[in-house]
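Quick note: residue numbers are just sequence positions, from 1. Note that these values count all heavy atoms, side chains included, but never hydrogens, waters or copies made by symmetry.
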Amino acid sequence: MTITTSTLALDIKDLELAYVVRGINRPVLRGVSFSIKPGEAYGLVGESGCGKSTTAYAALRYMPRNGVITGGHILVDGDDITAMNRNQLREFRMHKASMVYQDPGTALNPTLKISKQLVEAFTILGQSRDHAHASAIAALQRVQIADPDRVMGRYPHQLSGGMLQRVVIAMALACDPKLLVLDEPTTGLDATVEAEVLDLVRNLRSETGAAILLIAHNLGVIRSMCDRVGVMYAGKIVEEGDASEVFDGPKHPYTVGLLRSLPRRGMHKRHAALATIPGSLPVLGSDLPTCVYVDRCPIVSDVCRNEVPPIAQLSSGHYTRCHHPDQVAKIDDLVPANLRDAGDQTVLQMEVSKTFRQSGHDVPALVGVNLSLTDGETLGLVGESGSGKTTLAKAILGVHAGDAGSRLTLDQHELASKITKRSTDDKRAMQIIFQNPDSALNASWTVRNILQRSVRKLTGKNKIDADARVAILAEHLRLSPRHLDMKPSQLSGGLKQRVAIARAFAGDPRIVVCDEPTSALDVSVQAAILNLLAELQSEQRTSYVFISHDLGVVRYLADRIAVMYLGRIMEVGTTDQIFGGVNHPYTEALLSAVPNLDGAPSRRIKLAGEIPSPANPPSGCVFHPRCPRAIAGLCETAEPPVVEVSVGHAIRCHIPPAELRALQSAN
């Protein structure tokens, strides 16, 4: 909903901003201009380092000490904040603008209960303690927290990610801001929680009339949330317009590159490799006298190198900064893939249950999980946080020993349940790529030392042979000799993840567990990593267990998918069967929660409540308290059977597949 008014909620005019490094101004923002009306949502997209977050923080004058505004103006609700002193800024931030950060866990004090932190947000506005407490309860109800008294008595670590984000949004809305800045508010959340948070923001925007400035790597989120979008590169907005126009008909080569980096419209690794944007963003403070994208553009010409591109007005409100907007349609299509299909030889057979003992009680984390993995196959594991995906991965790797009767069979021989009891060959055969390479790589070692150590530990090679193996790994992973002599902190996010992948492949593993390996990466870097994983798998016949909240990524890379809920497999089938056939009601809800970049209409199936605690699972079908298709008198009393829908496709549900198909077709 857009509210018409004569005063813009945010109006940024020709903003120039630099970071002072060793006494020299390094330009970061280069004449950024855009505006947001009250009640309007505006999205900023682009690769990490392009200036999105700097722009968002500048909108509230939250800048690092070395950040200097060297030109332009920022007006919020008609007030020029570039001219405000410190006291005026405090008043402005207290009453007119708020920010919701990427990680709600770091935005809250872990040593204080939610009540103390939320009440403080109202007391600083001048409310009495009792009035502030009542306002805090109302704020939690406003963000659809059903039991605010219970939440008020909790510490941050006792709440789920989605609940924490609701609390942070409640705090941000305490002052009824004119401008709400959201910096990657759903990163790290699973699909259903992400959809709930986005629904909440939509509703609050409609109720309050606040303007939204949204930053996100997920372009589907931007498409579903924003009225208009700005595409930023090297501190300039290179294209701007209605979100539907920009995403359906991009007119700048960079926008085209970002969109082509995404797995869209049912694309799979067997069909085509994802397009990638060659090169990288210019170094901070680089001199960019003409087109900022000139070094990476596939349709560059001499005029691009010699003249500043004009602003080409394409339609009302849609413009691009490009000499050749009429040529973007000529950019080459996706590269056909040349990959081998998965084989039929079973590499890993899993029959696993896992029960933890906590506070004197049994907590079943995995219940009768029975899955297999063939050579060169990718098995995707999906489900909400707390469904058991990571516990299963740790059981496979031997970090957690399964319960009595559990069996893991690798290449026809039984694996020891604990990694400490496995042979060197078995340890080498199963490796992992972690979500965050920063915490997985030794920050004090060079890349060469990290890889050398892994090769020698896993293969027993001497230094000369290990060096040769490192050189081969570097060539496969496109790491130059210069990269090998750098430390992880000197590398970009994409390069660090390449190092993590190289380390996982150091001993020619049979199986690699990929735990959210692309969740924190830009779409362009993500595409390069997914292509790399697909190529390595095809060349070396490595099998993957791929865990991700991003169902689009899973759809692209996985050959089969297992849907987990409360430690149980609710559905398993090929990728085509999961995305194109009859589904378990839980899978149906997960798929409906995915933001659609292509703008196709989808009916969102909302799940009631949160995933239950495995310490106290519901009776009968564990999904029945949240299932929109539950059969009264049956689902809450009896365990559902596992039913084969078709060859290789099975669901755990009381509703017959034919009836499910009819119900889902009717929607």
Applying salt bridge (charged side-chain N to carboxylate O under 4.0 Å, His left out), can you list everything that pairs with [X], at least two apart in sequence or on another chain?
{"X": "R422", "value": "none"}
{"X": "E414", "value": "R407"}
{"X": "D467", "value": "K463"}

**OP:** Mind jotting down which residue pairs meet the salt bridge (charged side-chain N to carboxylate O under 4.0 Å, His left out) criterion with at least one end in residues 548-563? Sequence neighbours excluded, please.
**Re:** K269-D559, R270-D559, E377-R560
Subject >> Pair listing, salt bridge (charged side-chain N to carboxylate O under 4.0 Å, His left out) test, anchored in residues 271-285, at least two apart >> reply: none
Listed partners of [X] passing side chain to side chain contact (heavy atoms under 4.5 Å, CB included), at least two apart:
{"X": "S417", "answer": "A401"}
{"X": "V193", "answer": "L189, D190, V197"}
{"X": "R428", "answer": "T424, D425, L458, T459"}

Original post:
Does S519 offer a backbone N or O that forms a donor-acceptor pair with the side chain of Q526 under 3.5 Å?
Top reply: no
Original post:
Can K389 and E384 be counted as an ion pair, charged N to O under 4.0 angstrom?
Top reply: no
Subject >> Those residues that, when tested against F546, pass ring-ring contact (aromatic ring centres under 6.0 Å, His included) (two or more places apart) >> reply: none
**OP:** Give the ring-plane orientation class for Y57 versus Y101, where under 30° counts as parallel, over 60° as perpendicular and anything between as tilted.
**Re:** tilted
For [X] and [Y], test the side chains for any donor-to-acceptor distance below 3.5 angstrom and give the result as yes or no.
{"X": "Y254", "Y": "E47", "value": "yes"}
{"X": "Y556", "Y": "T575", "value": "no"}
{"X": "H268", "Y": "D576", "value": "no"}
{"X": "S48", "Y": "D522", "value": "yes"}

Original post:
What residues form a side-chain hydrogen bond (donor to acceptor under 3.5 Å, both in side chains) with H483, not counting sequence neighbours?
Top reply: S480
Subject >> Contacts of type side-chain hydrogen bond (donor to acceptor under 3.5 Å, both in side chains), residue S439, not counting sequence neighbours >> reply: none
**OP:** Sequence neighbours left out, what pairs pass side-chain hydrogen bond (donor to acceptor under 3.5 Å, both in side chains) with at least one residue falling in residues 344-353?
**Re:** Q349-N370
